[in-house]
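What follows is a short report on a single structure.
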Amino acid sequence: METRGWLFDLYPLGNRVVLWFITPEGRALRLEEDFPYTIYLGGAASRVRQVLQTLRARGWVSRYYPSRGLELASGKEIPVVALEPKTYGHLSRLRSWLGKLQGQVEVFNADLDVSAYYLYRRDLWPCTWYDLEVQEGRLLALAPREEQFARDFDPPPLTTLGLSLTRDPLIPLGAGNSLAITWEDRTLELEVRDRTGLVKEVARWLKKANPDLVLSDWGDEEIVPLLWHWSKESHLPLPLDREPGVVSRKFSGGRTYFSYGRIVYQGQAAPFFGRWHVDRKNSFFFREADLPGLMQIARLGQLPLQQAARASPGTLITSMQLARAVKDSILIPWRKADPERFKSAGELLTGDKGGLVFMPPIGLFFEVAELDFSSMYPTIMSRHNLSPETVNCRCCGEAEGYGGERAEGRGPSPHNSVPETGYRLCRRREGLVPRTLKPILKLREALKGAAREAGPEAAARYHQRQNALKWMLVTCFGYLGYKNARFGRIEAHEAVTAFGRDKLLTAKEICETAGFQVLHALTDCLWIKKEGMTEAELQVLCQEISAVTGVRMALEGVYRWLVFLPSRQNPARPVATRYFGVFRDGTLKVRGLLCRRRDPPPLVRRAQEALLTCLAAAATPEELAALKPELLKLSEGFRQRLREGGIPPGELVVTRVLSRTPAEFKVDTATALAVRQLAQAGISLRPGEKVRYVHREGKNGAPECRIRAAPFLEDLEDYDTRFYLNLLERAFAEIFTAVYGNHQGGNG
DNA sequence: TGCCAGTAAAG
DNA sequence: CTGCCTACTGGCA
């Protein structure tokens, strides 16, 4: 039978991969396909023979045969033995046994996710329409009806059931918290009188609605594990899955890890089988890019959507690289696992200098243009062929300057040598990283273009999708420098930043030659001005810089006025990353101010935003000066409200991310007090999770009374007026000091 | 006043 | 699938 279907979900089950398609009529279609997982063994033939004998004796492998594959580093084809585990269930045993053979044989393609490996091998991607050939529940053949990197796609309408909590997620379901179910624009609150009743009610809704998507808040961590547990306890069915077979469901607990210099917490996952469960509060990409973004990354990353939803940008870009490697017959090395070892201070200092920074002058400036390189690092990687296997490659010989004299000057650098470092780049092969990046860069440009031309609704969807791609591009650069990344290499990372500095410096010189004054420059942006400059002139400048550097330079905008802030520790010194201003079209751009941080109380954030919004109306020095009385009045209003008291606690909540476990705090900081308070109430938080609390009156009282942690704020009557006034003054000072000089008037 | 622990921003 | 550098605050000696 031939039909059409939109690839919706897939997962391994027993010996096969189960695939769910949505038909044009909106029906869910379940199909199975045989898919053997293939591991490759390389190295000395005698060793490999020994390993195969053992595996045969243990009965873990169904078959093996000689094969060939490309070695990443050399690009050469090498002989290997392909082996197929008997079932997916044998994979974990096989992996851990092979893992112990380090140094004896080389093991490739061993640690891939089964669903993802299936998609890479079959060259398929989710969230796409396919022509299907089907027989008795088996998938015989399929062909995509759309391109993987298509600018436009049309998903079928999906039925959605909402699931959330009625109160703060720290309050457990059934212990003060209730469940809310949303279906067809109506929300129903289910009180938890008895657990069985609740399970029955949820089961009834799932059966009745049979939703394609369950979109939840806190479903992964708080709702689904409890419901599942209760359903097992009471032997009641809970049809979370469409899969009729037996699926195993384990709740593993979340994971805390260190990324970009800070602690992150990723909650445990509670995916469904044959149905999507997306927890909005446990999905980086949903937050950044909504459902269209999730579909986009599932397609590009060739991951089941529920996995893509919970993945970090790093996992996504790695998946794209893995897919590329499988398609190109490159043997995939086992992931380097060295999780305990952090870089030492010495390692950090060597080599990597990062982005180039010029310090701005402090104060207020009028008519300043900002120029930004678009996607500078990814473009550099793609244009200059930067990849782990292309830096100082073996194949291009060492005669052409490798290790020799450094590239002098900053003119157009020799085609295959890296500025500053003397590294040499491969000319024969295009690297894995550039090959992965190129189509992403191209699609992102297409999406940005489409967003500019489309109506507001379609534009929002294009924008979400391009935003998802942005994060993958950014992370791709970071991963080059990460020692444990599968496709990382520190020299490649250094080369990217070296090219980056070179290009920014080139841009600065071009600006100066054209008679512009360069006020400030930061990694991939420039702030410049010239008496009587025109937009047309700036566009020409951008074109010249783009042509010379090979990276697109675009005019971010012309500021009517712009403020660079001084350091608070040393007011004579500027800070590179804190500024705000208003463009000619009246939009504000604010960086590094209090309102851009995630920790300040809503009241303080709103106060600063109110002042900024007021200032945005001014265009000239005169207008700016004329606004001062209004700003003073505004700020006095906020002070007044604080002093009067009676501000709801929610307005005063400070939000911080836990950096360590409660026991690890050496100092009684407010954050430490808050976690302890929660622990006393039986709520334990892990590093990377957020704590929220209000500062109370009486700083000198017992430590327990200095703060009150959320969610126990409902009966809180007092707050530390001095603390909040102080914070408010700081928010005002960031604006007043630079715009009007130090004098703030009022009682400031 | 200087130092340290703790926390967060922009790119 | 765990990539920094720098600015800043608050508490303590």
Side-chain angles (χ1 to χ4, degrees), chain A residues 111-113 116 255-266 301 303 307 310-319 321-322 334-343 345 347-349 352-357 359 372-373 375-377 470 473-488 490 493 496-497 500 504 520-525 565-570 573-579 589-600 654-660 664-672 687-688 690-691 695 699 703 706 723 726-727 730 734:
Chain A
D111 57 344
L112 305 176
D113 176 81
R255 194 167 70 79
T256 294
Y257 60 93
F258 193 73
S259 168
Y260 252 96
R262 67 158 161 264
I263 296 278
V264 184
Y265 177 78
Q266 172 80 44
L303 287 175
Q307 258 160 272
R310 291 159 178 92
S312 67
T315 306
L316 244 297
I317 193 76
T318 303
S319 183
Q321 291 170 345
L322 293 172
W334 206 305
R335 180 168 63 91
K336 306 170 214 167
D338 194 5
E340 299 307 321
R341 234 192 108 213
F342 285 81
K343 282 185 197 167
E347 280 176 291
L348 288 175
L349 281 174
D352 193 16
K353 287 188 243 164
L356 192 61
V357 182
M359 278 301 177
D372 293 0
F373 278 117
S375 301
M376 183 166 82
Y377 286 167
K470 180 184 90 180
L473 293 172
V474 167
T475 314
C476 189
F477 158 68
Y479 263 44
L480 274 184
Y482 170 46
K483 187 160 40 60
N484 289 347
R486 212 186 284 259
F487 303 111
I490 194 66
H493 187 269
V496 175
T497 56
L504 188 67
H520 181 31
L522 187 60
T523 309
D524 57 359
C525 319
L565 292 186
S567 160
R568 269 178 63 93
Q569 286 160 89
N570 180 355
R573 270 190 24 220
V575 187
T577 56
R578 308 177 69 210
Y579 60 89
K589 182 164 180 179
V590 182
R591 291 296 179 267
L593 297 208
L594 191 137
C595 68
R596 291 279 299 182
R597 298 168 61 108
R598 62 180 165 192
D599 54 339
V654 174
T655 307
R656 311 210 98 149
V657 173
L658 265 183
S659 61
R660 58 203 72 220
E664 285 164 341
F665 278 99
K666 291 176 192 163
V667 178
D668 279 351
T669 59
T671 306
K690 286 184 199 138
V691 236
H695 287 256
K699 269 261 132 64
R706 283 183 221 156
F723 172 86
N726 188 9
L727 218 51
R730 228 183 281 164
E734 283 186 327

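Each chain gets a letter, A, B and so on, in the order its sequence line appears, and its residues count up from 1.
The shortest distance between the side-chain N/O atoms of A:R486 and the OP1/OP2 oxygens of C:dC1 is not below 4.0 Å. Neither OP1 nor OP2 of B:dG6 sits under 4.0 Å from any side-chain N or O of A:R656. When the side-chain nitrogen and oxygen atoms of A:Q569 are compared with OP1 and OP2 of C:dA7, none of them lie within a distance under 4.0 Å. Close to B:dG11, at under 4.0 Å from its OP1 or OP2, lies a side-chain N or O of A:R591. Note on A:R578: a side-chain N or O is less than 4.0 Å away from OP1 or OP2 of C:dC8. In terms of phosphate contacts, A:T669 brings no side-chain nitrogen or oxygen within less than 4.0 Å of OP1 or OP2 of C:dG10.
Residues forming a side chain to side chain contact (heavy atoms under 4.5 Å, CB included) with A:V264 (at least two apart in sequence, or on another chain): A:Y257, A:S259. With sequence neighbours excluded, the residues forming a side chain to side chain contact (heavy atoms under 4.5 Å, CB included) with A:R568 are A:R730, listed by chain and number. Take A:F477 and apply the ring-ring contact (aromatic ring centres under 6.0 Å, His included) test, not counting sequence neighbours, and it matches A:Y377, A:H493. Not a single salt bridge (charged side-chain N to carboxylate O under 4.0 Å, His left out) links A:D113 to another residue, sequence neighbours left out. Partners of A:T577 according to the side chain to side chain contact (heavy atoms under 4.5 Å, CB included) rule, which considers only residues two or more places apart in sequence or in another chain, are A:L522, A:V575. Checked against salt bridge (charged side-chain N to carboxylate O under 4.0 Å, His left out), A:K690 has no partners two or more places apart in sequence or in another chain. Scored by the side-chain hydrogen bond (donor to acceptor under 3.5 Å, both in side chains) test, A:T523 finds no partners at all (sequence neighbours excluded).
Base engagement by A:V474 is indicated by at least one non-hydrogen atom pair under 4.0 Å involving a base atom. Using a 4.0 Å heavy-atom criterion, one finds that A:T475 contacts the bases of the nucleic acid, with or without backbone contacts as well. No engagement by A:Y377 is indicated, since no non-hydrogen atom pair under 4.0 Å with the nucleic acid exists. Among the atoms of the strands shown, none is found under 4.0 Å from any heavy atom of A:S319. At the heavy-atom level, A:G592 lies under 4.0 Å from the strands shown only through sugar-phosphate atoms. Residue A:F373 is classed as having no contact, given no heavy-atom separation below 4.0 Å to the nucleic acid. Residue A:T318 is classed as a base contact, given a heavy-atom separation below 4.0 Å to a base.
The shortest distance between side-chain heavy atoms of A:T669 and A:R656 does not fall below 4.5 Å.
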Could you go over nucleotides 1-4 of chain B and give all protein N or O partners under 3.5 Å, atom names and distances?
none

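With hydrogens and angles ignored, the 3.5 Å screen pairs a side-chain donor or acceptor of A:T256 with a backbone N or O of A:P687.
Counting to the nearest Å, the C1' atom of C:dG10 and the CG atom of A:D599 are 13 Å from each other. The separation between A:K589 atom NZ and B:dA10 atom C1' is 10 Å, rounded to whole Å. For the pair A:R568 CZ and C:dG10 P, the computed distance is 8 Å after rounding to whole Å. Going from atom CD of A:E734 over to atom P of C:dC8 covers 9 Å, rounded to whole Å. Going from atom CG of A:D668 over to atom C1' of B:dA5 covers 12 Å, rounded to whole Å. Whole-Å rounding puts the A:R255 CZ to C:dC1 C1' distance at 7 Å. One atom, CG of A:N726, and another, C1' of C:dG10, lie 11 Å apart when rounded to the nearest Å. In this structure, A:D372 atom CG and B:dA10 atom P are separated by 14 Å, rounded to whole Å.
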ask   = DNA chain C in dot-bracket, Watson-Crick or G-U pairs under 3.5 Å, [ ] crossing, | other strand?
value = .....||||||||
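Among the nucleotides C:dA7, C:dG10, B:dG6, the one closest to the side chain of A:V575 is C:dA7. Side-chain atoms of A:D524 lie closest to B:dG11 of the nucleotides B:dG11, C:dA7, B:dG6.
Between the side chains of A:T315 and A:T318, no donor-acceptor pair of N or O atoms lies under 3.5 Å.
The shortest non-hydrogen separation linking A:T671 to A:V691 is CG2-CG2, 3.7 Å.
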